[in-house]
Structures are given as structure tokens and as C-alpha cells.
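Structure record follows, encoded as C-alpha cells.
Labels below follow one simple rule: chain letters A, B, ... track the order of the sequence lines, proteins then strands, and each chain is numbered from 1. Because the structure is a prediction, the values reported are computed rather than measured. Atom set for the values below is all heavy atoms of this structure, side chains included, hydrogens, waters and symmetry mates excluded.
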Number of protein chains: 2
Amino acid sequence: MQITSYTDYALRVLMFIAKSPTGQTTITEIADFFNISRNHLVKVVHQLGSKGFVKTTRGKGGGLALQRPPEMINIGDVVRSMENHFNWVECFDPAQQHCRLLPNCGLKHLFARAGNAYLDVLDSATLADVLLGITTIDLNPQIP
Amino acid sequence: MQITSYTDYALRVLMFIAKSPTGQTTITEIADFFNISRNHLVKVVHQLGSKGFVKTTRGKGGGLALQRPPEMINIGDVVRSMENHFNWVECFDPAQQHCRLLPNCGLKHLFARAGNAYLDVLDSATLADVLLGITTIDLNPQIP
DNA sequence: GTATAAGATGTATTTATTATACACCTATAA
DNA sequence: TTATAGGTGTATAATAAATACATCTTATAC
Ligand code: SF4
Ligand code: SF4
């Protein structure tokens, strides 16, 4: 039971940009800092862009910046945008409706409530909130 | 973001036993009813047994029964016993402590709260609760 | 206008996890 | 003593996720 690194990387990207002195950075800088796959990050950033969280600019001198201030970026929104489904149990998937306990299984509703409780907590925080503990970060690339 | 079928099967087993007229059944009966892998179920049932949720008896006339009444079986306990970890994000895993935002990342604490909220909901229900909607089930094997 | 630096896109490969299958063992009641 | 039940360990298959690679597009600087 874990979110994908894809989603976690998205959140790291947002945090890194927010903590960058200029508010502007590049994919390569972020990949070097966290020592993670640049190729993977490219796709994360692209999706963050298409979902309206970051503004990307191509070409020399380009890079990425937040589209909105951290106070306006909700963590639940980000997680929902990056994670590809929240089918907590099999029967949540419309394509998998063969469980013999359907449609009156109380478990299904319990998991729905649990999942909502989980997302409610994420919805209660913004990027600004999760940055509170992080005063400054050493922006240098990680030496592995 | 989904629990494993392993865990869901465990819960189905408990529900099936609870709804069985005799309170006693066999792995083969359950596998046939849900049309799922008997081999997989064997391991699910074994673990349910070793965690004290069901009582298994070998040999002719054997099978499985609940060890406690449904009111005493907490869903959260079952899920915790079957799912093999709740490392909501990478840094929850003690073996993965290389994220550059450690140790002051607020996101980590947010996910901890979200995960707890999720499990709290599961902890709030018993097997008896999730069975409420299910009045009777046709115990015949599924014809695929 | 051309070289350079940035992100965009599509595909392929590798890795990890989960699910399933198979062979064989142990226990127990009829 | 045989049939029936679960137990155990290993191997394989299926799925999902992460990573790598090749190529394209865009934009700035000079
Ligand atoms: S047992 Fe209940 S929750 Fe699980 S798949 Fe079947 S209907 Fe859904
Ligand atoms: S970004 Fe925060 S939550 Fe994610 S792995 Fe790093 S420390 Fe943990």
C-alpha cells in the first residue's frame, strides 16, 4: 500500500521549485538534486504542466516554475492528478464487476469511506503547508 | 492505489464463512464460489489461521471456521495482518532513507496522517458490520 | 541564421511485485 | 488404510512500474 514514486516525484518537484531562490529551475537540476531518473522526471513534469501545476518553457533559458503560489496548490489535487486510480478494492473498477458479493457488500462502502478519509487529509493541506518544516535546502546536486 | 487481491480474498473468506449456514466450510468451496485460484486461497487461509482469525482443521471432515464471532473481528486488524506494508511514501521504509528532503519534509507527516485516517475507518468496523447488507448469499459454486 | 539548451514524445527494456501453478507433505476421520 | 482436508516450498506467469533510449520541437543567444 504505497503511492507510486511517480506521484512522490511530482510532489518533490513542486517543493523543489518552491524552495528555489529564483522560483525557476530545470528538470536536470531536480534530477541531479534527488539523484533520480531524469527520463522519468521528464514525464512527471510534463504531466504536472498539462494539469496546470507548473509552467514549462522550452528552449535556452527555459525551465519550470510554479503556475500558482504554493498556498494555492492543494496536495490532494496533485495526488489525484498523478496517481492513476483509486480502486481501493477490485470492485471499484467498472471493468471488474464479477465479485459474487456484489452489489450489497458492506466492505465496498467501508473502503470507500476509508479512501475518502485518506484523500480528505491530503485535501486539507497545500504545498505551502508541507514546506513549513523545510527552512532552506542545499540546492547542490547530490553526490552519490 | 489499491489493496492486494490477497487481502481482499482474506476478507471474502471471512464473509463467506460467516454467511455459511453451518459456519464451517472448505477452501475448495470458497474458491469455487468466487471463481478464484484455489492455490492462492490456500496461502490466504493459512495466514488467516496463523493470525488467529480462522480455525483450520485438516483431514476428512475438516475445513475452516471463524475463531471468534463476527462482532469481534475488526476489519482494520485483518487488513493490517494481510497487507504486507503501509509505506505510503518511500521514506516510510526504514531501508529507504535517501530522499534529500529528509528529515523535515512536511509531506511525510501529511501522508502519515492520511494513512492513519484510512486505517481508522477500517478500525471502526467489524466483520458483522460489513455483512449487514448481505442478507443471504447463494452458496453454489460460480459457473464461469 | 545557426548553435545550443531546454522540454516533448513515443517506444523499448528492465525491474519489482503480485498472482498463479505445481509438486509434494502432513494430519485426521471414516 | 484410504480418502479428504489443509500445509509448504518452489517455480512460473502476469502485471505494473520504473528506467532507458532515440528523436523531435521550441526558443534564446550570439
Ligand atoms: S468482497 Fe466486497 S469489496 Fe471485495 S471485491 Fe467483492 S464486493 Fe468488492
Ligand atoms: S519528498 Fe518527503 S514524503 Fe516524499 S520521500 Fe522525500 S521526505 Fe518522504
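Every residue was checked against the side chain to side chain contact (heavy atoms under 4.5 Å, CB included) condition with L132(B), not counting sequence neighbours, and none meets it. Qualifying side-chain hydrogen bond (donor to acceptor under 3.5 Å, both in side chains) partners for T25(B), counting only residues two or more places apart in sequence or in other chains: E29(B). With sequence neighbours left out, the salt bridge (charged side-chain N to carboxylate O under 4.0 Å, His left out) criterion links R80(A) to D123(A).
Applying the side chain to side chain donor-acceptor pair (under 3.5 Å) test to every pair with at least one member in residues 37-50 of chain B, sequence neighbours left out, gives these pairs: Y6(B)-Q47(B), T28(B)-R38(B). Sorted by first and then second residue, the salt bridge (charged side-chain N to carboxylate O under 4.0 Å, His left out) pairs involving residues 89-99 of chain B (not counting sequence neighbours) are R12(A)-E90(B). Residue pairs meeting the ring-ring contact (aromatic ring centres under 6.0 Å, His included) criterion with at least one member in residues 114-137 of chain B, sequence neighbours excluded: W88(A)-Y118(B), W88(B)-Y118(B).
Of the residues in residues 3-13 of chain B, those placing a heavy atom less than 4.0 Å from an atom of DNA chain C are T4(B), S5(B), Y6(B), Y9(B), in numerical order. Across residues 79-90 of chain B, N84(B) each have a non-hydrogen atom less than 4.0 Å from an atom of DNA chain C (numbered order).
The structure places CG of N74(B) at 8.5 Å from CG of L122(B), a figure rounded to the nearest 0.5 Å. Between Q97(A) atom CD and C91(A) atom SG the span is 6.5 Å, to the nearest 0.5 Å. Of the inter-residue distances, the one linking E83(A) atom CD with T7(A) atom OG1 reads 3.5 Å to the nearest 0.5 angstrom. To the nearest 0.5 Å, atom CZ of residue F33(B) and atom CZ of residue F16(B) are 5.5 Å apart.
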Hey, can you pull the donor-acceptor pairs under 3.5 Å for the side chains in residues 105-113 of chain A, sequence neighbours left out?
residue, atom, partner, partner atom, Å
H109(A), ND1, C105(A), O, 3.4

Under 3.5 Å, which donor-acceptor pairs link side chains of residues 54-73 of chain B to any protein atom two or more places apart or in another chain?
residue, atom, partner, partner atom, Å
T57(B), OG1, G63(B), N, 3.3
T57(B), OG1, G63(B), O, 3.4
R68(B), NH1, M72(B), O, 3.0

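Atom-to-atom, NE2 of H40(B) to C1' of dG9(D) comes out at 15 Å; the value is rounded to the nearest Å. Following rounding to the nearest Å, I27(A) (CD1) and dT25(D) (C1') show an atom-to-atom distance of 14 Å. Remark: P of dT15(D) and CG of D93(A) are 13 Å apart, rounded to the nearest angstrom. Put simply, CD on Q96(A) is 14 Å from C1' on dA16(D), counting in whole angstrom units. Distance Q24(B) CD to dA5(D) P: 11 Å, rounded to the nearest Å. Summarising the geometry, the separation between CG on L41(B) and P on dC22(C) is reported as 16 Å, rounded to the nearest angstrom. Look at CD on Q47(B): it is 13 Å from P on dT18(C), rounded to the nearest Å. For the pair Q2(B) CD and dA17(D) P, the interatomic distance rounds to 9 Å; values are reported in whole Å.
The listed nucleotides are dA8(C), dC22(C), dA5(D); the one nearest the side chain of N39(B) is dC22(C).
Between V45(B) and M1(B), the residue anchored nearer the 5' end of DNA chain D, judged by the nucleotide with its closest heavy atom, is V45(B).
The closest donor-acceptor contact from the side chain of S20(A) to the backbone of T22(A) lies at 3.5 Å or more, if one exists at all.
Using modelled atom types, one finds a donor on one side chain and an acceptor on the other under 3.5 Å when comparing D129(B) with T126(B).
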Dump the pairs, protein N or O against N or O of nucleotides 11-15 of chain C, anything under 3.5 Å, distances to one decimal.
residue, atom, partner, partner atom, Å
dT11(C), O4, K43(A), NZ, 2.7

Show me the protein contacts with nucleotides 25-30 of chain C, counting only N or O atoms at under 3.5 Å.
residue, atom, partner, partner atom, Å
dT26(C), O2, R58(B), NH1, 3.1
dA27(C), O4', R58(B), NH1, 3.1
dT28(C), O2, K60(B), N, 3.3
dA29(C), O4', K60(B), O, 3.4

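Listed pair R38(B) / dA21(C) fails the phosphate criterion, with no side-chain N or O lying under 4.0 Å from OP1 or OP2. Between H46(B) and dG7(D) there is a side-chain N or O to OP1 or OP2 distance below 4.0 Å.
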